[in-house]
Trainee: 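Before anything else, here's the structure in question.
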Amino acid sequence: MISSSDILKASILIVDDQAANVLLLEQMLRGAGYANITSTRDPHWVAELHRKNRFDLILLDLQMPDMDGFQVMEHLKELEKGGYLPVLVLTAQPGHKLRALKVGAKDFVSKPFDLAEVLLRVHNMLEVRLLHLETKRLYDQVVAEQKRSFELTAQPGAMVGVEKGVRVSTPWFQSLKLRLRWLQVNMLTSFLAAAVVGLFQGTIDRLLVLTIFMPVLYDQSGNAGSQALAITLRGMVLGDLKPGKERAQILKEALLGLLNGALVGMVAGFGMYAIATFKHLPSAFMLGVVVFLAMIGSCVISGISGAIVPLILKRFGADPVTASSIFLTTATSVASMGLFLGLARLLVN
């Protein structure tokens, strides 16, 4: 909403080769409360003055020697790419009014000047001009927000190796080429997690009940890491994660991992204890403890990884949106399986 104070603060340029007319218009406007007023008697300077100051309104005399108001408006059109000329022409020739409006002027004031007419037309033109600028500003904000929203909606696909340019209509061969390379990278990193599980094959053979909770542990820690990754990427894309704030973000996600892991771990640990007791396993209590501790450790490591992986990739010049998910999955798998099986080997007889 445009207020009266906004209108009185607007910038105005007076262009007239007659000093008396310039002085009279300045007195009229200042008397009405307008304070941001500039004037020139040389029409050759109008375009340059407007380029530097972007006046909200230009009071332009049409009849001037060497360069008339129509020629001035032609130069102004080159600056106003949107086609809106904030020009109120000053003329004593009735025949010039229609021509000026056709050229791009928005209104006119007749000479000799009438105080009430001048102030009314200036006020109305400034109100329209400021509304035009406000509408343009809001439109630019909407366009920028839509662009930013598109970047955010492209993140889920990019995080699993689907490029932003891939759509439903993308040919299958091109889609295959764009996706396969990331699936191959993910396959290689999955071998690392499988190797960790292989190291504890003896423990698994001895305590088959552990296999029941391996997917639970992996899923919970994976979700914790994905949440941290999503927040960190969103902060990087939107500019919320300022330089120097990275350490605070990592510590925050570590704390959240600790708290979430403890709360979820209590439920999971009790579940393990109940199942082990039902199966009459003598180490039921320690198995519950193992699940509890492994859940805490896995969620902490996953939270830290979700925050630190995109930061590291960005520092090394890689696209954090595209590659983060693959490295996060590896870290989550190795941490959750390694902690769970390692603790079981260490604590359960």
Side-chain angles (χ1 to χ4, degrees), residues 156 159-160 183 186-233 249-310 324-349:
M159 287 168 60
V160 291
L183 290 175
N186 191 63
M187 176 65 72
L188 293 175
T189 58
S190 297
F191 287 151
L192 180 59
V196 172
V197 175
L199 291 175
F200 297 96
Q201 188 61 51
T203 303
I204 296 173
D205 292 340
R206 182 166 57 90
L207 299 169
L208 287 176
V209 70
L210 296 175
T211 59
I212 298 175
F213 279 84
M214 289 173 65
V216 175
L217 184 66
Y218 175 76
D219 286 344
Q220 289 297 327
S221 59
N223 285 334
S226 296
Q227 289 173 348
L229 176 61
I231 295 300
T232 303
L233 285 174
Q249 174 65 15
I250 294 170
L251 292 176
K252 175 185 174 183
E253 294 301 336
L255 176 61
L256 289 172
L258 175 65
L259 297 176
N260 287 325
L263 294 173
V264 174
M266 284 191 293
V267 178
F270 179 78
M272 170 61 90
Y273 173 76
I275 292 175
T277 300
F278 178 76
K279 291 180 175 292
H280 305 290
L281 296 177
S283 55
F285 177 76
M286 289 308 301
L287 285 170
V289 172
V290 166
V291 170
F292 174 70
L293 294 177
M295 187 69 76
I296 294 177
S298 297
C299 287
V300 170
I301 293 174
S302 296
I304 293 174
S305 299
I308 202 171
V309 164
S324 292
S325 179
I326 292 174
F327 293 104
L328 175 62
T329 301
T330 303
T332 300
S333 302
V334 172
S336 59
M337 296 301 101
L339 275 173
F340 185 39
L341 298 174
L343 287 170
R345 174 184 287 182
L346 181 65
L347 299 178
V348 182
N349 297 322

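Note that the structure is a prediction, hence the values are computed from the model and not measured.
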Trainee: Determine whether more than 12 heavy atoms belonging to other residues, nucleotides or ligands lie under 6.0 Å from atom CZ of Phe292.
Mentor: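 Counting neighbours around CZ of Phe292, more than 12 heavy atoms of other residues, nucleotides or ligands fall under 6.0 Å, so yes.
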Trainee: Would a 4.5 Å heavy-atom cut-off, applied to side chains only, mark Ile231 and Gln249 as touching?
Mentor: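 Of all side-chain heavy-atom pairs linking Gln249 with Ile231, at least one is under 4.5 Å.
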Trainee: For Val348 and Leu287: C-alpha separation, side-chain torsions, deciding distance, then whether side chain to side chain contact (heavy atoms under 4.5 Å, CB included) applies.
Mentor: CA-CA 7 Å; Val348 182; Leu287 285 170; 3.9 Å; yes
Trainee: Any side-chain heavy atom of Ile250 within less than 4.5 Å of one from Thr232?
Mentor: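 A side-chain contact under 4.5 Å is absent here.
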Trainee: State, yes or no, whether a side-chain contact exists between Leu258 and Ile296 at a heavy-atom distance under 4.5 Å.
Mentor: yes
Trainee: With a 4.5 Å limit on heavy-atom distance, are the side chains of Met295 and Leu217 in contact?
Mentor: yes
Trainee: When rounded to the nearest 0.5 angstrom, what is the spacing between SG in Cys299 and CD in Gln220?
Mentor: 7.0 Å
Trainee: Rounded at 0.5 Å granularity, tell me how far CG in Leu281 sits from CE in Met272.
Mentor: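 Leu281 CG to Met272 CE: 9.0 Å, rounded to 0.5 Å.
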Trainee: Considering all heavy atoms of both residues, which atom of Val300 and which atom of Ala254 are nearest to each other, and what is their separation?
Mentor: CG2-O, 4.0 Å
Trainee: Going from CD on Glu253 to OG on Ser305, what distance comes out if it is rounded to the nearest 0.5 angstrom?
Mentor: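 Here the interatomic distance stands at 11.0 Å.
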Trainee: Within a strict 4.5 Å, meaning less than it, do heavy atoms of the Val291 and Phe340 side chains meet?
Mentor: yes
Trainee: Would you check if Thr332 and Leu328 make a side-chain contact, meaning some heavy-atom pair closer than 4.5 Å?
Mentor: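 A side-chain contact under 4.5 Å exists here.
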Trainee: After noting the C-alpha distance and the side-chain angles of Ile301 and Leu339, does the key distance pass the side chain to side chain contact (heavy atoms under 4.5 Å, CB included) rule?
Mentor: CA-CA 10 Å; Ile301 293 174; Leu339 275 173; 3.9 Å; yes
Trainee: Say whether, by atom type as modelled, one donor and one acceptor occur between the side chain of Ser336 and the main chain of Ser221 under 3.5 angstrom.
Mentor: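 Not at all, since once roles are kept as given, no pair shorter than 3.5 Å links the two residues.
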